[in-house]
2 protein chains.
Amino acid sequence: MLSSRALLVRQGRACTRKEHRIPLHFSEFLPYQLGVAATKISRRFAALYRAEAGLTIPEWRGLTHLDHSGPASVCDITARVHLDKGIVSRAATRLEQGGIVSISDHETDRRAVVLYLTDKSRALMQRLRRIADASQAQLLQDLQDDASLLQQALKRIIKEPSA
Amino acid sequence: MLSSRALLVRQGRACTRKEHRIPLHFSEFLPYQLGVAATKISRRFAALYRAEAGLTIPEWRGLTHLDHSGPASVCDITARVHLDKGIVSRAATRLEQGGIVSISDHETDRRAVVLYLTDKSRALMQRLRRIADASQAQLLQDLQDDASLLQQALKRIIKEPSA
DNA sequence: GTACGTTTACTGCAAACGCAACGAATGAGA
DNA sequence: TCTCATTCGTTGCGTTTGCAGTAAACGTAC
């Protein structure tokens with residue numbers, strides 16, 4: 001027993017539209033909006049880093065932290081840039097193999113390691129920082145007045161306890 | 001040759017802080033904010049659907065579209081809810097095995113299939129809709145005045161051509 | 001000094017994802 | 001009618017992800 005609506009769909013073209021037109025009920029659902037927007041922006045920036053230096057997003061996040069705050073342990077990076085410790089560990093391995101970071105033992109804690117940028121990578125980060133800043137500026141310009149409030153709301157979500 | 005900063009990190013505790021305190025430069029970077037916020041909210045809602053009905057997010061997105069717009073093809077769903085066709089296809093298979101949707105042939109296009117809710121799942125969706133609405137209401141309340149502007153900005157990002 | 005819980009980093013594994021290739025079906029155009 | 005490009009859905013494959021488990025080092029309490 002099918003509704004008349006169902007019959008409409010069953011006839012004519014199988015796929016009604018090609019554009020990614022999002023139905024109303026979805027366009028008002030915040031988790032959906034957030035997910036789609038984040039994926040979109042994330043892809044754009046990931047492509048940038050990959051094209052420029054063959055970096056993944058976790059790699060880039062860790063490097064940025066090192067670049068800005070100086071040498072740090074895996075645990076440090078994990079806590080600061082919202083990444084799983086396994087992901088940071090693997091990223092560190094790849095980056096060391098690529099000569100982007102150096103890893104040495106911690107002075108006083110023999111469990112820990114210390115990651116730090118090489119001279120080679122300091123120049124790389126300078127270039128990447130410029131690119132990231134420019135891309136973000138473009139993004140903010142597209143968003144115009146909404147930008148600052150968007151960031152304010154996102155910060156609130158991030159800081160929110162959890163539940 | 002290490003900077004004095006490096007020496008500081010190399011001594012004392014390996015992991016300086018335990019809280020997820022995000023360094024300033026990151027907290028201002030939009031793609032980062034967006035990613036972290038989306039992951040956080042997405043996890044929260046995913047846990048909700050899983051606990052309530054054992055549904056994944058792709059499954060839930062597809063079902064919601066079916067629930068709201070009536071029977072649709074895989075391609076339809078793909079276009080409307082921002083999912084890869086492979087993901088939609090697999091979700092459809094799982095949902096059919098679970099008796100949540102029925103799949104039949106398209107009337108006029110023999111390549112296509114038509115997914116539609118079963119009576120059983122219509123009741124399920126009603127319950128899920130209530131839960132999702134309540135959770136979103138809670139979220140919007142937490143965000144207070146920022147909410148509408150957040151949504152406005154996200155919509156702009158989503159609609160934005162691409163570059 | 002010894003025992004025990006915690007921290008640090010690494011690794012293994014299952015699940016999910018994105019992409020591309022494929023076969024079947026379609027339909028537009030010669 | 002006969003191509004041939006396109007569309008629809010499925011499947012396979014490599015990568016990434018998140019989580020749990022492991023071993024070593026640490027440090028606190030006794």
Side-chain angles (χ1 to χ4, degrees), chain A residues 9-19 35-36 38-40 42-43 46-47 49-50 54-62 72-80 82-97 101 103-115, chain B residues 9-19 35-36 38-40 42-43 46-47 49-50 54-62 72-80 82-97 101 103-115:
Chain A
V9 174
R10 283 163 166 277
Q11 294 162 1
R13 285 193 69 83
C15 202
T16 336
R17 284 269 178 285
K18 309 181 95 171
E19 323 107 52
V36 174
T39 301
K40 186 168 181 178
S42 170
R43 294 245 178 96
Y49 304 139
R50 190 172 52 244
L55 295 176
T56 65
I57 285 184
E59 286 164 1
W60 181 84
R61 279 197 198 175
S73 67
V74 169
C75 175
D76 256 325
I77 297 175
T78 297
R80 301 307 182 96
H82 267 91
L83 288 173
D84 180 78
K85 60 180 178 173
I87 293 177
V88 174
S89 177
R90 286 180 237 258
T93 303
R94 283 195 302 271
L95 289 172
E96 190 191 27
Q97 286 170 352
V101 302
I103 303 182
S104 63
D105 295 340
H106 188 91
E107 292 269 312
T108 58
D109 189 336
R110 282 194 295 169
R111 294 167 303 178
V113 298
V114 177
L115 311 180
Chain B
V9 174
R10 283 162 166 276
Q11 294 162 1
R13 283 192 71 81
C15 202
T16 334
R17 284 269 178 284
K18 306 181 96 175
E19 323 107 52
V36 173
T39 301
K40 185 169 180 177
S42 170
R43 294 243 180 98
Y49 305 139
R50 190 172 52 244
L55 295 176
T56 66
I57 286 184
E59 286 163 2
W60 181 84
R61 279 197 199 174
S73 66
V74 168
C75 176
D76 257 324
I77 297 175
T78 296
R80 301 308 182 94
H82 266 92
L83 288 173
D84 181 78
K85 61 180 179 175
I87 293 177
V88 174
S89 177
R90 286 181 238 258
T93 304
R94 282 194 303 271
L95 289 172
E96 190 191 26
Q97 287 170 352
V101 303
I103 304 182
S104 63
D105 294 340
H106 188 92
E107 292 270 311
T108 59
D109 189 335
R110 282 194 295 168
R111 294 168 303 179
V113 298
V114 177
L115 311 180

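The chains referred to below are lettered A, B, ... by the order of the sequence lines, with proteins before strands, and numbering in each begins at 1.
The minimum heavy-atom distance linking A:Arg61 with A:His82 is given by the pair NH1-O, 3.5 Å. Minimum heavy-atom separation, A:Ala92 to A:Val101: O-CG2, 4.1 Å. Here the closest non-hydrogen pair linking A:Val114 and A:Asp105 is CG2-O, 4.2 Å. When all heavy atoms are compared, the tightest approach of B:Ala72 to B:Ile77 is CB-CG1, 4.2 Å.
Screening A:Leu83, A:Val113, A:Ile103 for a side chain to side chain contact (heavy atoms under 4.5 Å, CB included) involving A:Val74 leaves a single residue, A:Val113.
Taking atom NE2 of A:His106 as the reference point, atom C1' of D:dA24 lies 16 Å away to the nearest angstrom. One interatomic measurement links the two molecules: CG of B:Asp109 to P of C:dA28, which rounds to 12 Å at whole-angstrom precision. Per the geometry, CD1 belonging to B:Ile57 stands 12 Å off P belonging to D:dG18, to the nearest Å. Put simply, CD1 on A:Ile103 is 14 Å from C1' on C:dT8, counting in whole angstrom units. If you take CG of A:Leu83 and P of D:dT16, they are 14 Å apart, rounded to a whole angstrom. We find that CG of B:Asp105 is positioned 13 Å from C1' of C:dA24, with the value rounded to whole Å. Here D:dC8 presents its C1' atom at 17 Å from CD of B:Glu107, a figure rounded to the nearest Å. Straight-line distance from the CZ atom of A:Arg110 to the P atom of D:dG27: 11 Å, rounded to whole Å.
With hydrogens and angles ignored, a donor-acceptor pair closer than 3.5 Å exists between the side chain of B:Arg111 and the base of D:dT7.
The side chain to side chain contact (heavy atoms under 4.5 Å, CB included) test applied to A:Arg110 returns no partner, not counting sequence neighbours. Partners of B:Arg94 under the side chain to side chain donor-acceptor pair (under 3.5 Å) rule, at least two apart in sequence or in another chain, are B:Glu59.
Side-chain proximity of B:Cys75 to the nucleotides D:dG9, C:dA16, C:dT8 is greatest for D:dG9.
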Just the atom pairs and distances: protein N or O near nucleotides 20-23 of chain D's N or O, under 3.5 Å.
residue : atom : partner : partner atom : Å
D:dG21  : O6   : A:Lys85 : NZ           : 3.1

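With hydrogens and angles disregarded, no donor-acceptor distance shorter than 3.5 Å links the side chain of B:Ser89 to the backbone of B:Lys85.
At C:dG18, one or more side-chain N or O atoms of A:Arg43 fall inside 4.0 Å of OP1 or OP2 (strictly under the cut-off).
Here the SG atom belonging to B:Cys75 is positioned 9.0 Å from the CZ atom belonging to B:Arg111, to the nearest 0.5 angstrom.
Of the residues in residues 87-94 of chain A, those placing a heavy atom less than 4.0 Å from an atom of DNA chain D are A:Ile87, A:Arg90, in numerical order.
Summary of the strand contacts: A:Thr39 and A:Val113 both lie near DNA chain C, and taking for each the nucleotide with the nearest heavy atom, the more 5' one is attributed to A:Val113.
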